[in-house]
Amino acid sequence: MIIITGGTGRLGSQIVDRLLDRVSADRVGVSVRDSDRAGDLAARGVRVRRGDFTDPGSLADAFEGATQVLIVSTNQTGEAAVAQHTAAIDAARDAGAKRILYTSHQGAAEDSVFAPMPDHALTERYLSKTGTPFTALRNGFYADTVRHLLGRALETGELVAPADGPVSWTAHADLAEAAAIILADEGRFDGPTPPLTAPDALDLADIAGIVTELTGRTIRRVVADDAAWTATMIGHGVPADQANMLLGMFHATRRGEFSTTGPELENLLRRPATPVRSTLEELTAQP
């Protein structure tokens, strides 16, 4: 029995779909906060149980009989995130799982200046001490983030953001397929995987150049002052702590924290990874 947390979420749902291409539905279970949202999975034969990272009792039931548990990282940051991850890890271990998998990040590091990265690193460290074999999926930075970073560039002709550095933008669908492959072929990786990324690292000037090619309209990359950009974000209603966290992402890219690329994702997929250009094609084609 392979259990996937967050089975109705953006990444988790795609992992389940791809896993069902490889193993029978009676070997797949999902742990979800709202089981009513997983009716389509239950109809396909997937075991659906309620599981909440903040309710260990629910996790014990959701993980019952698991041989592998894939913990999809929470959207929380800081102590709350690490506490939720460790609760899920403990529950998976106590359920007797032979392997625990976790969706980490290529930039996982305790000294990162982008808040989620130390959380990933601390979770990996905790995993390494459980005594249970584990795999940390070092996923590339989600390509869909580019949609938000573009802001109003398609309207104004200017991509305005703080100074940045190259990022190996990687598609959700590719990472979901890779996770399914790893789950179906248990034990392929022990510990943190190599970076699971697209082969190219691009900065926002590169992104502006691609959008220019796709639209035929010049999109100019404008570097904003850190403080002014943060103040603008807050002025537009973004909470101050979230705006500062986003600024940390730009600081991290300047340090090259997300510029690492590698062949492992394409090796797993046995095909080229989806380029960020595809994401931008979808975005620019929208009316």
Side-chain angles (χ1 to χ4, degrees), residues 10-11 73 75-78 105-109 111-120 139-175 195 197-261 273-287:
R10 176 67 187 280
L11 181 62
S73 54
N75 290 328
Q76 299 290 318
T77 57
H105 198 284
Q106 68 170 101
D111 64 349
S112 173
V113 293
F114 184 40
M117 299 304 107
D119 300 341
H120 287 307
N139 288 344
F141 214 111
Y142 295 142
D144 267 8
T145 305
V146 171
R147 297 174 183 266
H148 305 293
L149 299 182
L150 279 174
R152 300 178 59 228
L154 295 177
E155 302 169 31
T156 65
E158 294 185 337
L159 198 171
V160 181
D164 70 312
V167 176
S168 54
W169 304 109
T170 309
H172 271 86
D174 288 354
L175 294 169
T197 71
D200 301 314
L202 306 177
D203 62 17
L204 291 182
D206 297 320
I207 297 298
I210 295 172
V211 176
T212 295
E213 293 175 14
L214 292 174
T215 62
R217 179 187 180 190
T218 299
I219 305 296
R220 189 166 65 95
R221 169 70 169 105
V222 177
V223 177
D225 174 78
D226 285 0
W229 180 85
T230 305
T232 298
M233 294 287 287
I234 295 171
H236 288 164
V238 177
D241 57 349
Q242 185 176 351
N244 286 314
M245 182 183 75
L246 291 172
L247 182 62
M249 179 189 69
F250 289 101
H251 288 174
T253 66
R254 294 175 205 170
R255 291 173 41 165
E257 292 187 17
F258 311 128
S259 63
T260 301
T261 62
T274 305
V276 70
R277 186 184 187 94
S278 295
T279 299
L280 295 171
E281 286 174 346
E282 293 176 8
L283 182 62
T284 56
Q286 294 175 0

- Task: Starting at OG1 of T230, measure out to CG of L247 and round the result to the nearest 0.5 Å.
- Result: 4.0 Å
- Note on the structure: dist Q242:CD -> I234:CD1 (nearest 0.5 Å) comes out at 10.5 Å
- Note on the structure: Scanning both residues in full, the closest heavy-atom pair of T260 with P195 reads CG2-CG, 3.7 Å
- Task: Could you check if a side-chain atom of E282 sits within less than 4.5 angstrom of a side-chain atom of R147, using non-hydrogen atoms only?
- Result: yes
- Note on the structure: Distance col, row T212:OG1 vs I219:CD1, nearest 0.5 angstrom, shows 5.0 Å
- To the nearest 0.5 Å, tell me how far S259 OG sits from D203 CG. 11.0 Å
- In Å, rounded to the nearest 0.5 Å, how long is the span from CG of N139 to OG1 of T170? 8.0 Å
- Query: Side chains of V211 and L154: does their closest heavy-atom pair fall under 4.5 Å?
  - Reply: yes
- Query: Charged N to carboxylate O below 4.0 Å: is that the case for R277 and D206?
  - Reply: no
- Which distance, rounded to the nearest 0.5 Å, do you find between the CZ of R10 and the NE2 of H172? 4.5 Å
- Query: What ring-ring contact (aromatic ring centres under 6.0 Å, His included) pairs are there with at least one residue in residues 204-234, not counting sequence neighbours?
  - Reply: W229-F250
- Message: Looking at every non-hydrogen atom in both residues, tell me the closest pair between D164 and L204 and how far apart they are.
- Response: OD2-N, 2.8 Å
- Query: What pair of heavy atoms forms the shortest contact from L280 to V146, and how long is it?
  - Reply: CD2-CG1, 3.7 Å
- Side chain of S112, backbone of A109: donor and acceptor closer than 3.5 Å? no
- Is the shortest side-chain N to carboxylate O distance from R254 to D226 below 4.0 Å? yes
- Partner of E158 under salt bridge (charged side-chain N to carboxylate O under 4.0 Å, His left out), chosen from R152, R220, R217, R221: R220
- Task: Determine, stepwise, if the pair E257 / V113 fulfils side-chain contact (heavy atoms from CB on, under 4.5 Å).
- Result: CA-CA 9 Å; E257 292 187 17; V113 293; 3.8 Å; yes
- State whether the number of non-hydrogen atoms from other residues, nucleotides or ligands found under 6.0 Å of D111 atom CG is greater than 12. yes
- Item | Within the 6.0 Å centroid threshold, strictly below: F114 and H251 | no
- Item | Heavy-atom side-chain contact between T77 and P116 under 4.5 Å | yes
- Item | L283 side chain reached by L150 side chain, heavy atoms, under 4.5 Å | yes
- Query: Can you name the closest pair of heavy atoms from Q106 and G140 and give their distance?
  - Reply: OE1-CA, 3.4 Å
- Task: Please answer whether the main-chain N or O of S168 pairs with a side-chain N or O of T197 as donor and acceptor at a distance below 3.5 Å.
- Result: no
- For A171 and T274, which heavy atoms make the closest approach, and how far apart are they? CB-CB, 3.9 Å
- Hey, are the side chains of I207 and W169 touching, using non-hydrogen atoms and a 4.5 Å cut-off? yes
- Which heavy atom of A143 sits nearest a heavy atom of T279, and at what distance? CB-OG1, 3.9 Å
- Side chains of H105 and F258: closer than 4.5 Å at any heavy-atom pair? yes
